[in-house]
Amino acid sequence: MTFLVVFACTTAVVFALKPAIAKAPAVWYALAAVLVALYLAGTQGLLPAVVKGAVFLLLQKGMLPVALFAVVMFIGVFSRESRVRRHLAPIRAELSIIACILICGHVAAYGMSYVPRVLGAGALNPFVAAGLAVGVALVMLLAVLGVTSLARVKARMSKRRWKSVQKWAYAFFALVYVHIVAMLLPSALSGGAVAVQGVAAYTALFGIYAVARVSRAVVDGKRLPHEVGRKRL
């Protein structure tokens, strides 16, 4: 259940820091990069225990970046007139970029851990193998979505093409869930309490998002003809 706590805290912090993020996004990108550097230093035993514990909690299993990605995705399930969407929509791209930077630490650390095992033809649990395969797909999607979230790149793309590319965010978010659950299942099926709780927490959050996203699509679909007709009048 730790992830749900991280998600709740992340949401609150994003709301509070929205003006600061909108005013100076580059500062937050730099801070995210520093946090990744600290995490990687911690993997080499170069951090004090207290600092390492805090940094590892947020980045080792990707909890903070996944929480940020979740915030970005949940913004889209609110109506355009809602206070939540109006408050946070202006920094969706910035939050995505911060999350992309932060997840690099997770990718680097686990890549260094699993690549030698894969290259050495070491035996991998089928769920873990599937999770790693999904992880590779996620890295490729992450690169595309992250780059096209940059303001300079977006400005050079047509609006239609940019929206088409960004729609892959739905596939990315769905695959994030598949990757996480696949990596947790071996331990969960063995009775690991933490893993079982993790699967339950992620399933709850991603499930709520899926229902909310479908509901928003249905509402928007019903509203569109009426709005078009009203504009014609």
Side-chain angles (χ1 to χ4, degrees), residues 1-22 25 28 32 58 61-103 134 137-138 141-142 144-151 154 157 159-181 198-228 230-231:
M1 298 298 175
T2 303
F3 172 71
L4 295 181
V5 175
V6 172
F7 173 70
C9 292
T10 299
T11 303
V13 170
V14 166
F15 265 95
L17 295 180
K18 184 261 183 176
I21 296 173
W28 297 94
L58 297 175
K61 295 182 179 179
M63 287 190 185
L64 178 56
V66 171
L68 281 171
F69 283 130
V71 170
V72 170
M73 298 303 290
F74 268 99
I75 292 172
V77 304
F78 290 89
S79 68
R80 296 183 182 277
E81 299 78 22
S82 70
R83 291 184 179 181
V84 172
R85 185 158 179 168
R86 284 188 295 172
H87 184 69
L88 295 181
I91 61 167
R92 284 185 83 181
E94 288 79 2
L95 293 177
S96 296
I97 294 170
I98 293 171
C100 287
I101 295 171
L102 291 173
I103 203 65
V134 172
L138 285 172
L141 283 173
L142 185 72
V144 174
L145 293 171
V147 169
T148 53
S149 292
L150 295 170
K154 180 180 178 181
M157 299 175 67
K159 186 175 181 180
R160 181 177 181 180
R161 184 181 180 188
W162 184 83
K163 285 187 174 181
S164 177
V165 171
Q166 287 297 309
K167 284 182 179 180
W168 282 98
Y170 299 113
F172 172 81
F173 199 53
L175 288 176
V176 167
Y177 172 73
V178 174
H179 170 71
I180 292 172
V181 172
V199 170
Y202 285 108
T203 299
L205 184 71
F206 280 77
I208 290 172
Y209 171 76
V211 172
R213 179 66 265 178
V214 171
S215 298
R216 171 51 49 195
V218 171
V219 170
D220 289 345
K222 290 181 178 179
R223 182 186 301 174
L224 185 58
H226 172 69
E227 289 181 345
V228 172
R230 185 173 60 186
K231 287 181 180 179

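Keep in mind that what you see is a predicted model, and the values were worked out from it rather than measured. Keep in mind that the numbers below use all heavy atoms, side chains included, and drop hydrogens, waters and symmetry copies.
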Practice problem: Give the C-alpha distance, both sets of side-chain angles, the deciding distance and a yes or no for side-chain contact (heavy atoms from CB on, under 4.5 Å) between Phe206 and Val176. | Solution: CA-CA 10 Å; Phe206 280 77; Val176 167; 3.9 Å; yes

Quiz item: Is there a side-chain contact (heavy atoms from CB on, under 4.5 Å) between Phe3 and Val66 once you walk through the steps?
Solution: CA-CA 9 Å; Phe3 172 71; Val66 171; 3.8 Å; yes

Exercise. Start with the C-alpha gap between Ile75 and Arg85, add the side-chain angles, then the distance that decides, and say whether side-chain contact (heavy atoms from CB on, under 4.5 Å) holds.
Key: CA-CA 6 Å; Ile75 292 172; Arg85 185 158 179 168; 4.2 Å; yes

Practice problem: Just do the side-chain contact (heavy atoms from CB on, under 4.5 Å) check on Leu138 and Leu142 with the steps written out, would you? | Solution: CA-CA 6 Å; Leu138 285 172; Leu142 185 72; 5.9 Å; no

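Note that CD1 of Ile97 is 13.0 Å distant from CZ of Arg92, once rounded to the nearest 0.5 Å. To the nearest 0.5 Å, atom OG1 of residue Thr148 and atom NZ of residue Lys163 are 14.0 Å apart. Taken from CG in Asp220 to OG in Ser215, the straight-line distance is 10.5 Å, to the nearest 0.5 Å. Atom-to-atom distance recorded for Arg216:CZ and Phe78:CZ is 9.5 Å, nearest 0.5 angstrom.
Closest of all the heavy-atom pairs between Gly62 and Ile103 is CA-CD1, 4.2 Å. Between Met157 and Trp162, the shortest heavy-atom distance links the atoms CE-CA, 3.8 Å. The two atoms that bring Leu205 and Ala70 nearest to each other are CD2-CB, 4.1 Å, heavy atoms only. Residues Gly76 and Arg213 come closest through the heavy atom pair O-NH1, 3.3 Å. Heavy atoms only, all atoms of each residue included: Leu145 and Ala169 are closest at CD1-CA, 3.8 Å. Shortest non-hydrogen contact noted between Leu102 and Ala32 is CD2-O, 3.6 Å.
When side chains are defined from C-beta on, Ser149 counts as touching Gln166, because their heavy atoms get closer than 4.5 Å. Within the 4.5 Å cutoff, the side chain of Trp28 has no heavy atoms near those of the Leu95 side chain. Counting only heavy atoms from C-beta outward, the side chains of Leu68 and Val14 approach each other to under 4.5 Å.
Among Phe172, Tyr170, Phe74, Phe173, the single residue meeting the ring-ring contact (aromatic ring centres under 6.0 Å, His included) criterion with Phe69 is Phe172.
Ser164 contributes no side-chain N or O that, together with a main-chain N or O of Arg160, makes up a donor-acceptor pair within less than 3.5 Å.
A 6.0 Å sphere centred on NZ of Lys18 holds more than 12 heavy atoms belonging to other residues, nucleotides or ligands.
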